[in-house]
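Each ligand, and each atom within it, is numbered from 1 in the order the structure gives. Only this structure's heavy atoms are used, side chains among them; waters, hydrogens and symmetry mates stay out.
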Amino acid sequence: MPTGQAPATSIAAPANRPDYGRSLLPLWALDPAVAYLNHGSYGATPHEVLADQQRWRLELERGPVRFMQKTLPDALRANAAALAHFLGAEPTDLVFVENATQGVNAVLRSLSFSAGDELLTTTHVYGAVRNTMRHLAERFGARLIEAPLPYPLGDPQIAIDSLAGHINARTKLLVIDLITSPTALVLPVAALAAKARSVGARVLVDAAHAPGQIEFDLPALGADYVTGNAHKWLFAPKGSAFLWARRDRQTGLHPTTISHGLDQGFVTEFDWVGTRDPSGWLSTGAALAFYRRMGGSAIRAHNHALANEAARLLSDALGGEEGQSAALRASMATVRLVGFAGQDQPTALALNDRLWREHGIEVPIIPFAGSLWVRVSAQIYNEIGDYRRLGEALLALRGA
Ligand SMILES: Cc1ncc(COP(=O)(O)O)c(C=O)c1O
């Protein structure tokens, strides 16, 4: 059975002072010719975690019936417990889902609302989540409210004040990002959750980007529900994500796919949602082992410092402001692009494509609040030269 141990072929970083930078790239399948500055969108899974996943797949195929019926239930729970432990949660309060979108859908589609109720989020909400909220609001005749948050943002109190004005007796649900997707802001979620709870609203925290990027104690967020990805910043295989629910919110919370476990309890219901490849979930423990061995808190500190340095470098090179203060930033940073013609999505996609094709750089260009922004991720396989290369490429494309 797979052990979650690193295969002998992996390159081990020194335990106490990891030697981060491009020299670590061979630990991933990433194309070494590319400056990969978008860890945020889909993560990147190291070879050793993929190898662990493949061992699980082969173990399954050696005896599919015994595996699914005997091996899987305990192995799944062991991995859920490892992830729960990492997040400061109780194992029985956490289940696997395939991605944060599915986690959000499971919660929202388990709730019902009345006409006139308000579902609150911010203008920085992730598009797929906005759609899910809109779908729910239309179904129940409720209202979707997107509180505008100023951007750039430097002060968490401004986020609190901006949202507070929209929280009232009609607010039944707050969906709030721990780290926003288009704008890379670490929001003061615990304070916002407390405000929403004070009017009796339920709170769903979308922590898609948070595990591995920032340290957080999951129950201390004060939410009713939290969903997040292990496949982004924790290096797990694609399709490894979690949903946590406060114990008194677990009854009546259903997966997006109803299956054998209906109404048999939170864990039973989510742990079997039909025949699927569970290997990504089962290799979450191996991903956590990799994350810890590569430094854990040292990864977060390095990535935060590199994101700050990258933001300064790009802002100086391009003359555009940074999207967030260092206090509201984790391992991603945005910088406003000035002097480029157009601010719409087609322009952004065209620029992203030219950066990749002509300069070998993968980085998202995001239209937001009337401007284009470049959003860089910082990961331990990156180094400052990657961002210098990006700055030079953007200058060349701006002049072109
Ligand atoms: C805030 C936020 N929510 C949800 C998602 C969706 O994640 P997934 O594609 O894993 O469902 C993302 C992805 O980047 C995100 O940033």
Side-chain angles (χ1 to χ4, degrees), residues 36-45 83 95-109 119-136 146-147 149 151 153 159 163 173-189 192-193 203-214 216 221 223 225-244 255-257 270 273 276 280-281 284 287 307 323-324 328-334 348 352 362-368 373 375-379:
Y36 198 72
L37 303 180
N38 189 7
H39 191 90
S41 279
Y42 307 108
T45 311
L83 186 56
V95 291
F96 280 112
V97 289
E98 288 183 49
N99 48 56
T101 307
Q102 203 177 72
V104 166
N105 268 271
V107 171
L108 265 64
R109 298 175 78 175
L119 317 184
L120 177 63
T121 187
T122 75
T123 45
H124 299 234
V125 66
Y126 186 70
V129 176
R130 173 186 288 116
N131 281 351
T132 311
M133 294 183 77
R134 189 163 60 80
H135 177 72
L136 259 282
E146 291 185 42
L149 290 189
Y151 195 64
L153 190 64
L163 227 84
L173 176 73
L174 170 66
V175 179
I176 189 76
D177 301 321
L178 194 39
I179 302 178
T180 60
S181 171
T183 49
L185 295 167
V186 182
L187 293 179
V189 157
L192 295 169
V203 178
L204 164 60
V205 172
D206 179 353
H209 273 280
Q213 195 179 158
I214 56 172
F216 67 101
L221 294 175
Y225 317 94
V226 181
T227 188
N229 288 321
H231 57 218
K232 286 186 190 284
W233 296 86
L234 276 180
F235 304 124
K238 310 287 174 279
S240 178
F242 70 86
L243 173 62
W244 174 93
T256 49
T257 302
F270 277 83
V273 286
R276 66 182 301 279
W281 293 342
T284 303
Q324 57 294 116
L328 293 184
R329 175 183 294 144
S331 307
M332 299 192 293
T334 56
N352 160 268
E362 186 66 84
V363 72
I365 307 294
I366 298 169
F368 193 84
W373 301 79
R375 189 193 76 184
V376 291
S377 292
Q379 190 47 276

Does the side chain of Gln324 reach to within under 4.5 Å of the side chain of Thr334, using non-hydrogen atoms?
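Result yes, sub-4.5 Å side-chain heavy-atom pair found.
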Would you call the rings of His39 and Trp233 parallel, tilted or perpendicular, where under 30° means parallel and over 60° means perpendicular?
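Ring orientation of His39 relative to Trp233: tilted.
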Over 60° means perpendicular and under 30° means parallel, so tell me whether Phe368 and Tyr151 are parallel, tilted or perpendicular.
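Ring orientation of Phe368 relative to Tyr151: perpendicular.
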Could you work out, with side-chain contact (heavy atoms from CB on, under 4.5 Å) as the rule, every residue matching Pro211, not counting sequence neighbours?
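Only Leu87, Phe216, Leu234, Phe242 meet the side-chain contact (heavy atoms from CB on, under 4.5 Å) criterion with Pro211.
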Partners passing ring pair (Phe, Tyr, Trp, His ring centres under 6.0 Å) against Tyr36 (at least two apart in sequence or in another chain):
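Once residues adjacent in sequence are excluded, Tyr36 has no partner under the ring pair (Phe, Tyr, Trp, His ring centres under 6.0 Å) criterion.
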Ring pair (Phe, Tyr, Trp, His ring centres under 6.0 Å) against Trp244, all qualifying residues, sequence neighbours excluded
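In terms of ring pair (Phe, Tyr, Trp, His ring centres under 6.0 Å), with neighbours along the sequence ignored, Trp244 is linked to no residue.
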Per-ligand residue contacts, ligand 1, heavy-atom threshold under 4.0 Å:
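Protein residues near ligand 1 are Asn99, Ala100, Thr101, Tyr126, Asp177, Ile179, Ser181, Asp206, Ala208, His209, Asn229, His231, Lys232.
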